[in-house]
Amino acid sequence: MAGKSDLDPQLIISHEFPESAFTYTERDAALYALGIGACSTDAVDSKDLKYVYHQDGQQSIEVLPTFAALFPVGIQSRIAQLPGLEFDPRLLLHAQQYIEIYKPLPSSGSIVNKATVAGLHDKVKAAVVEIEVLSYEKVSGVLLCMNRVSVFLRGAGGFSKSSDPYSYTKYSSNQTSAFKIPKSQPFAVFEECTQPSQALLYRLSGDYNPLHSDPMVAEVAGFSRPILHGLCTLGFAVRAIIKTICRGEQNMIKNISGKFLLHVYPGETIITEMWLDGLKVVYQAKVKERNRAVLSGIVTLNRLSSSL
């Protein structure tokens, strides 16, 4: 097995991934919406029903912007392809997610994904790898969205050749806006209880990691029971912003960033606090039962709702 000092960062950042495909139906989009809590407390909620039912003469259901996070399937297998990077998959942590929406997502479609390495950082005892995935509509070639997934690989650091830890980023700083959670009262607060079966429902959208369903796997990982998927928590938080700040208009979302801070247990209550700063919504999601922050980030809007 090669030592970490043999790792060549240039080979990693220049690595070319093969294109991948993702195909989904309207049923998949509706199942995803249910998986992140749509209509869970009110089956006829006018701001949620459109994601699961053709209401008011709709030709098709509408699609939540965070559904785009499902497009780049197989991130872990892509990272495993990187030359010289050795890590234990059990020690991989999903650290951050960034999503840009360029076009409203269709209710069904065939997607072509093109992935590149967007960042590589040596944290000495760990490595952070960022994979950027551009998703195109297969038939038209139209670019629909971009995902950038940041993963924390414990035990994979220490490959820098100099005293300064290696750090590479290919994207502009305006996509990584620094933010602090304001100390002022939130502009809006939305509280929603997840269901005890929430992770079992969300996993049907494609993430079958047993950490979210198998009690024994969860116990080995240090949790008292299976935990909720981080992207499910992100979906709950962004849905809260759409329902409150956007007044139910999901296509007002331009981009989404989320930093995963702590796990959520299915059945816990997520409180999403929101602060409005121009077209940016700084948000923080907390679990009510433990009073702990689990997720924070920024959502940028195309415009503000006229009813705000």
Candidates Val264, Leu261, Thr194 - the one meeting side-chain contact (heavy atoms from CB on, under 4.5 Å) with Thr233
Val264
Closest contact, heavy atoms only, Gly35 versus Phe236
O-CE1, 4.1 Å
One should read off an interatomic distance between Ile13 CD1 and Leu82 CG, to the nearest 0.5 angstrom, of 11.0 Å
Nearest-0.5 Å distance, OG of residue Ser107 to OH of residue Tyr51:
13.5 Å
Separation of Ser213 OG from Leu200 CG (nearest 0.5 Å)
6.5 Å
Could you check whether any side-chain heavy atom of Glu26 comes within less than 4.5 Å of a side-chain heavy atom of His54, counting everything from C-beta outward?
yes
Heavy-atom side-chain proximity of Leu301 to Lys254 below 4.5 angstrom
no
Decide yes or no for Tyr102 and Val142: does some side-chain heavy atom of the first lie under 4.5 Å from some side-chain heavy atom of the second?
no
Under 3.5 Å: donor-acceptor pair, side chain of Asn302, backbone of Asn251
yes
Mind checking the OG-CZ spacing from Ser150 to Phe260? Nearest 0.5 Å is all I need.
10.0 Å
Between the side chain of Asn113 and the main-chain N/O of Phe22, is any donor-acceptor distance below 3.5 Å?
no
Residues Ile181, Val282; criterion side chain to side chain contact (heavy atoms under 4.5 Å, CB included); working and verdict:
CA-CA 7 Å; Ile181 300 300; Val282 178; 4.0 Å; yes
Are Leu304 and Leu279 packed together at the side-chain level, in the sense that at least one heavy-atom pair is separated by less than 4.5 angstrom?
yes
Answer yes if Leu308 and Ile253 sit in the same cluster of Ile, Leu, Val, Met, Phe, Trp and Tyr residues linked by side chain heavy atoms under 4.5 Å apart, and no otherwise.
yes
Tell me if a side-chain donor or acceptor on Gln198 pairs with a main-chain N or O of Gln195 at a distance below 3.5 Å.
yes
Look at the side chain of Lys288 and the backbone N and O of Glu191, then say whether any donor-acceptor pair between them is shorter than 3.5 Å.
no
Looking at every non-hydrogen atom in both residues, tell me the closest pair between Val129 and Leu153 and how far apart they are.
CG2-CD1, 3.8 Å
If two hydrophobic side chains count as joined below 4.5 Å and joins carry through other members, does Ile242 share a cluster with Phe187?
yes
Supply the atom-to-atom distance His94 NE2 to Leu231 CG, rounded to the nearest 0.5 angstrom.
5.0 Å
Would you indicate whether Arg290, at its atom CZ, is surrounded by more than 12 heavy atoms from other residues, nucleotides or ligands within a distance under 6.0 Å?
yes
Counting N and O atoms only, with roles assigned by atom type, does the side chain of Arg239 sit under 3.5 Å from a partner on the main chain of Ile36, one being a donor and the other an acceptor?
yes
Please report the closest heavy-atom contact between Ile245 and Ala188, naming both atoms and the distance.
CD1-CB, 4.2 Å
Would you say the side-chain atoms of Ser160 pair up with the backbone N or O of Tyr166, donor to acceptor, closer than 3.5 Å?
yes
If you take all heavy atoms of Lys286 and Ala293, which pair is closest and at what distance?
CG-CA, 3.9 Å
What I want to find out is whether Glu249 reaches Arg303 closely enough, with some N-O distance under 4.0 Å, to be called a salt bridge.
yes
Step through it carefully: locate the ring centre of Phe67, locate the ring centre of Tyr24, and say whether they are under 6.0 Å apart.
yes
Heavy atoms, side chains only, cut-off 4.5 Å: are His229 and Ser205 in contact?
no
So if I apply the side chain to side chain donor-acceptor pair (under 3.5 Å) rule between Thr116 and each of Arg148, Lys170, His15, which one comes out positive?
Lys170
Would you find more than 12 non-hydrogen atoms of other residues, nucleotides or ligands less than 6.0 Å from Lys47 atom NZ?
yes
Quick one: closest heavy-atom pair of Leu49 and Val44, and the distance?
CD2-CA, 4.5 Å
Around atom OH of Tyr168, are there more than 12 heavy atoms from other residues, nucleotides or ligands closer than 6.0 Å?
yes
N/O donor-acceptor pair under 3.5 Å between His212 side chain and Arg203 backbone
no
Stepwise side chain to side chain contact (heavy atoms under 4.5 Å, CB included) test for Val294 and Leu228
CA-CA 11 Å; Val294 296; Leu228 198 61; over 6 Å; no
Same cluster or not: are Ile131 and Ile256 linked, directly or through other Ile, Leu, Val, Met, Phe, Trp or Tyr residues, by side-chain heavy atoms under 4.5 angstrom apart?
no
What distance do Leu144 atom CG and Ile111 atom CD1 have between them, rounded to the nearest 0.5 Å?
5.0 Å
Same cluster for Phe17 and Val151 if Ile/Leu/Val/Met/Phe/Trp/Tyr side chains link at under 4.5 Å?
yes
Does some side-chain heavy atom of Asp277 sit less than 4.5 Å from a side-chain heavy atom of Phe179?
no
Taking Tyr53 as the starting point, is it possible to reach Leu31 by hopping between hydrophobic residues whose side chains are less than 4.5 Å apart?
yes
Take atom CZ in Arg247; do more than 12 heavy atoms of anything else shown fall under 6.0 Å from it?
yes
Between His121 and Glu130, is a side chain to side chain donor-acceptor pair (under 3.5 Å) present by the stated rule, with each step listed?
CA-CA 9 Å; His121 313 278; Glu130 298 173 278; 2.8 Å; yes
Where do Gln96 and Ser257 land on the side chain to side chain donor-acceptor pair (under 3.5 Å) test, with the steps shown first?
CA-CA 7 Å; Gln96 297 186 63; Ser257 70; over 6 Å; no
Backbone N or O of Val133 within a donor-acceptor pair of the Asn147 side chain at under 3.5 Å?
no
Determine yes or no for a side-chain-to-main-chain donor-acceptor pair under 3.5 angstrom, with Asp45 supplying the side chain and Cys39 the backbone.
no
So do the side chains of Trp275 and Gln284 get within less than 4.5 Å of each other, counting heavy atoms only?
yes
Looking at every heavy atom in both Gly267 and Glu289, which two are closest together, and how far apart are they?
O-OE2, 4.3 Å
Side chain to side chain contact (heavy atoms under 4.5 Å, CB included) between Ile227 and Tyr265: does it pass, once the steps are laid out?
CA-CA 5 Å; Ile227 62 174; Tyr265 287 116; 3.8 Å; yes
Is it true that Glu137 and Lys103 have a side-chain N and a carboxylate O under 4.0 angstrom from each other?
no
Can you list the steps and then say if Ile99 with Val238 is a side chain to side chain contact (heavy atoms under 4.5 Å, CB included)?
CA-CA 11 Å; Ile99 304 170; Val238 174; over 6 Å; no
Are side-chain heavy atoms of Ile241 and Phe190 found at a separation under 4.5 Å?
no
